[in-house]
Visitor: 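Sharing a structure with you now.
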Amino acid sequence: MHQAFVDAGGTCKELSPRNVTAATDAADCDDDTVLMVFTDEKAANAHASEMTAMGSNVLVGDAFVINSELQELRKVVRSLNGVVSMATEGHEETPAAAPTPKPTPTTPPTPEKGTRDNPVCPT
């Protein structure tokens with residue numbers, strides 16, 4: 001999995017084994033990516049669903065899951081033939097509040113010529 005990830009354009013300078021329940025093999029890459037291999041697609045999808053529910057972005061393949069930053073997953077998704085699943089609602093970053101609408105400027109009525117507010121001046 002590590003070599004396929006790197007060949008696809010993923011960044012992984014340091015690889016450290018990791019224990020992930022249900023995974024047959026797992027490792028950390030550079031502290032922000034986790035590569036996981038499962039026995040089958042069903043197990044990979046189940047684990048990916050749990051991770052997205054907890055707020056993680058993952059790339060899910062036939063029998064693997066990669067947990068990483070979204071931009072890293074987008075670099076490798078085509079080469080690894082997976083699907084990117086993003087964090088589910090409630091665990092995503094809170095979107096910025098909608099901007100407050102600006103008041104529509106109103107033009108005051110133009111006074112008639114010859115009034116105190118608009119004296120008529122000969123030209």
Side-chain angles (χ1 to χ4, degrees):
M1 182 76 240
H2 171 255
Q3 192 60 52
F5 178 70
V6 172
D7 289 348
T11 305
C12 187
K13 295 176 186 170
E14 291 187 39
L15 190 64
S16 305
R18 178 182 185 130
N19 184 18
V20 174
T21 304
T24 59
D25 194 18
D28 289 320
C29 282
D30 305 331
D31 297 330
D32 61 353
T33 299
V34 181
L35 308 174
M36 296 162 274
V37 178
F38 295 86
T39 55
D40 57 27
E41 186 175 2
K42 183 178 178 181
N45 284 329
H47 191 75
S49 292
E50 290 175 20
M51 293 188 74
T52 56
M54 293 187 316
S56 296
N57 296 314
V58 296
L59 172 64
V60 186
D62 291 339
F64 70 86
V65 175
I66 300 172
N67 175 12
S68 191
E69 298 294 324
L70 197 52
Q71 70 182 46
E72 187 76 4
L73 299 176
R74 287 180 176 154
K75 287 193 304 188
V76 300
V77 65
R78 286 192 178 136
S79 296
L80 296 177
N81 296 320
V83 174
V84 174
S85 294
M86 294 184 282
T88 57
E89 286 185 4
H91 294 283
E92 294 180 84
E93 292 182 16
T94 305
T100 304
K102 294 180 181 177
T104 306
T106 57
T107 307
T110 306
E112 294 181 22
K113 289 186 175 184
T115 65
R116 184 175 55 128
D117 294 331
N118 189 12
V120 177
C121 296
T123 50

Visitor: Check Ser68 against Thr33 and note the closest heavy-atom contact, atom names and distance.
Guide: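 Smallest interatomic distance, heavy atoms only, reads OG-OG1, 2.7 Å.
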Visitor: Give, for atom OG of Ser49 and atom CE of Met54, the distance between the pair rounded to the nearest 0.5 Å.
Guide: 11.0 Å
Visitor: Check whether Asp40 reaches the backbone of Lys42 with its side chain - one donor and one acceptor, N or O, closer than 3.5 Å.
Guide: yes
Visitor: So which of Asn57, Thr52, Val20, Val58 actually passes side chain to side chain contact (heavy atoms under 4.5 Å, CB included) with Asn67?
Guide: Val58
Visitor: Can you tell if the side chain of Thr11 reaches within under 4.5 Å of the side chain of Lys75, non-hydrogen atoms only?
Guide: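 Yes, close enough: below the 4.5 Å cut-off.
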Visitor: I'd like to know if Val6 and Met36 are part of one continuous hydrophobic network [Ile/Leu/Val/Met/Phe/Trp/Tyr, side-chain heavy atoms within less than 4.5 Å].
Guide: no
Visitor: Should Ile66 and Met1 count as side-chain neighbours, where that means a heavy-atom distance under 4.5 Å?
Guide: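 They are in side-chain contact.
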Visitor: For Leu15 and Ala27, work out which heavy atoms get closest and say how close.
Guide: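 Distance-wise, the nearest heavy atoms are CD1-CB, 3.4 Å.
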Visitor: Heavy atoms, side chains only, cut-off 4.5 Å: are Phe5 and Val76 in contact?
Guide: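 In contact.
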Visitor: If hydrophobic clusters are built by linking Ile, Leu, Val, Met, Phe, Trp and Tyr wherever their side-chain heavy atoms come under 4.5 Å apart, do Leu73 and Met51 end up in the same one?
Guide: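 Result: no, two separate clusters.
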Visitor: Do Leu70 and Phe64 belong to the same hydrophobic cluster, where Ile, Leu, Val, Met, Phe, Trp and Tyr are linked whenever their side-chain heavy atoms lie under 4.5 Å apart, directly or via other members?
Guide: yes
Visitor: For a quick test of reading the model, state the closest non-hydrogen atom pair linking Ser79 to Ala8 and the distance between them.
Guide: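 Ser79 and Ala8 have their closest heavy atoms at CB-CB, 3.5 Å.
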Visitor: Between Asp28 and Arg18, is there a side-chain N and carboxylate O pair less than 4.0 Å apart?
Guide: yes
Visitor: Please answer: with hydrophobic residues joined when any side-chain heavy atoms are less than 4.5 Å apart, are Val84 and Val37 in the same cluster?
Guide: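 Yes, because Val84 and Val37 connect within a single hydrophobic cluster, where side-chain heavy atoms sit under 4.5 Å apart.
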Visitor: Are any of the side-chain heavy atoms of Leu80 and Leu59 separated by less than 4.5 Å?
Guide: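 Contact flag for Leu80/Leu59 side chains = yes.
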Visitor: Looking at Ala44 and Val65, what are the two nearest heavy atoms and their distance?
Guide: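 Ala44 and Val65 have their closest heavy atoms at O-CG2, 3.3 Å.
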Visitor: Is there side-chain contact between His2 and Cys12, with at least one heavy-atom pair below 4.5 Å?
Guide: yes
Visitor: Does the Asp62 side chain pair with the main chain of Glu41, one donor and one acceptor, at a distance under 3.5 Å?
Guide: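 Answer holds: no.
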